[in-house]
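No experiment lies behind these values; they were computed from the predicted model shown. Residue numbers begin at 1 in each chain, while the letters A, B, ... track the order of the sequences.
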Amino acid sequence: MLIQVDNLAKVYKGGRGLSQTGFSVDKGEFIAIVGHNGAGKSTLLKMLAGWIIPDSGEVFVDGLHLKNRLALVRKIGFVPESPNLFDFFSVQANLKLFARLFKLPLSRIEEILEEFDLLAYRHSKIQDLSKGLKQRVSIGRSLLADPPVLLFDEPSSGLDFEMTKEIYRLLRSSHAAGKTILFTSHRPEEIKSLATRILLLHQGEIIFDGPPKEYFLTKIHESLYA
Amino acid sequence: MIQNILILTLNDLAIALKNKTIYLILFIPFFVFLSLQLIDQESAGLQQVKIGLVKDQAYPTMIIEKIQASDKLFSILWLNDQAEGKKRLKEKKLDGILLATAEAAPGLKLIVLKKTSHATIATVESLSALQTAVEGKSKNWIADIQSLQDSGVQRQTLPTWILMLVLLVGFIIIPAQVAEEKEKKLLLGLLQTPINEFEWLLAKLLLGMILIHLAVIFLHLLGGFEVTNVLSYWAFISAGSFCFSSFGISLGFLCRNQASARSLGVFFYLPLLLPSALSDFSEKLTNFAPLLPSYQFYQPIKAILLEGSAISDFPLDLLYLIFVGVLTSLLSYQLIKKRWLM
């Protein structure tokens, strides 16, 4: 088992958030976390990424506790819904900063630029790029240290059809390369075409955990989004 | 069209209210009013001149008797020695100290804080008026005037500009930058790398200190201002830049976005700048300003630049600045650990 989550909770003012959630993830799984806005999907991913400090609960990733952040950053790559890149710097400068902090050889930047088809944009400033390109840079940055687990918060949010296809291709190739992926989504076609397992969150609790086939057979998705 | 303009204006006002900008409109006039209340209000013409006389001085008897008799013009304070007098001059508790001259003709030497000040003019005018009333026109009682801060007007304003620069970086630039990193989730992105929160904090502190040092060096190069006690001067610039950069970082952490950080920065900038800078003009402010860390920075810088003082004259001020810096750094560290408003 790669990820173990026990009684993880984070409650915001007004009662929303995530309450006492537990599940485990095996290596190589491709998990869609589904639910209404405010169901706790992003909160769950952000807690796994260390962006939000949980109120309670335990998380272990590859045997490392969530509190061991400095070691965990090499195990988890997180791609937020809005790319958090340094706008005034170029694509290459953004990747270089993170490569330096991870103490990676600069050749790794070339690999990422090539893999994500960003060579033509290496000197472009982030602020001049489209959202799709920014998302590609953001994914590339999260893969710099080659972490075994990738977390994507609404990976295709705000992207056009072509860019969405491109992001799906990148996600699939990362999964094929052996990465374990968790992503949040509202889109049934995205869930169907990518996920091998679905976690449905409702009002901060997991109410479904199973394969996509079973999920769509139960009509739970239609009733939830009706 | 008018309706649209009104809707947009109301929306802008709501944004200004939300990011606290509008509070500045209330705060700035209120603060200026409060500062004006703290500046001594008596008219210079009616104010008694506060004169210090040193006990062991052989003053011309007639002159001292006349000064003591003119209790509407002068209030006299007897001092144990000159050092006590100089201390009280700096605290604005005296307008001048009179010393006996060694010359054959009876006369006095006047020691003031600055030659070009209202207090000095009032002192000389009052003594001159008294002499005219007693003797008519004859040789001046005041044979010599000596000031503690013997430098040009440009140089005398230098400590105020230095204070302004340091506070500008600490309370306007740094909080906005920290809040921007929070607002755009850049800090959270950096914390997904193997850097720890302490390293990030130190880097931000260094940024503030470098910016302040560069600004001060640039000002000195442009103005051609020389410093005699270089080590003491840079020790205080370093301690001040550490203190106010750290303060600014913690303010940035208390805000969700850049606009709030700028507003909060101004809330701290003015109350730290004005009482210290205006303390030269007021005994009331001189009593109140030492509570502020900006005064613990301003006074030593002023004394080093204008009076040739050294770091050994202000050890507590230096420790106070470092203490405030460490305290606010600890606050920032706790806030970053809790991912406060991120």
Heavy atoms under 4.5 Å from chain B: which residues of residues 98-105 of chain A carry them?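 The list, in residue order, reads A:Phe98, A:Leu101, A:Phe102.
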
How about residues 172-185 of chain A versus chain B: which residues have heavy atoms under 4.5 Å apart?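 The list, in residue order, is empty: none.
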
Heavy-atom contact with chain A under 4.5 Å, split by part of B:Leu190: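 For B:Leu190, backbone and side chain are both near chain A.
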
Portion of B:Glu183 that has a non-hydrogen atom of chain A nearer than 4.5 angstrom: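 Contact with chain A is absent: no heavy atom of B:Glu183 under 4.5 Å.
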
Would one find more than 12 heavy atoms of other residues, nucleotides or ligands at under 6.0 Å from atom [atom1] of [X]?
X	atom1	result
B:Phe323	CZ	no
B:Leu231	CG	no
A:Phe86	CZ	yes
B:Tyr233	OH	yes
A:Lys131	NZ	yes
B:Arg256	CZ	no
A:Arg16	CZ	no
A:Glu114	CD	no

Counting C-beta onward and ignoring hydrogens, is there a side-chain heavy-atom pair between [X] and [Y] closer than 4.5 Å?
X	Y	value
A:Ile53	B:Trp340	no
A:Asn84	B:Lys184	no
B:Gln192	A:Trp51	yes

Tell me the salt bridge (Lys or Arg N to Asp or Glu O under 4.0 Å) pairs involving residues 72-97 of chain A, sequence neighbours left out?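 The answer is A:Asp62-A:Lys75.
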
Least distance between heavy atoms, A:Val73 atom then B:Thr193 atom: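 Looks like CG2-C, 3.7 Å.
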
Taking B:Glu199, B:Lys338, B:Met342, B:Arg339 one by one, which has the highest count of heavy-atom pairs under 4.5 Å against chain A?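 Going by pairs under 4.5 Å, I would pick B:Arg339.
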
Hey, what do you get for CZ (A:Arg69) to CG (B:Asn196), rounding to the nearest 0.5 Å?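 Reported to 0.5 Å precision, the distance equals 7.0 Å.
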
Keeping the roles fixed (side chain from A:Arg141, backbone from B:Gly189), state whether a donor-acceptor pair exists under 3.5 Å.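 No, the answer is negative, given that no donor and acceptor are paired below the 3.5 Å cut-off.
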
For residues 53-73 of chain A, which residue pairs qualify under ring-ring contact (aromatic ring centres under 6.0 Å, His included), counting only residues two or more places apart or in two chains?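 Applying ring-ring contact (aromatic ring centres under 6.0 Å, His included) to every pair that reaches into residues 53-73 of chain A, excluding sequence neighbours, yields A:Phe60-A:His65.
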
Which atoms of A:Leu85 are under 4.5 Å from chain B, going by heavy atoms: the side chain, the backbone, both sets, or neither?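 Contact with chain B: backbone only.
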
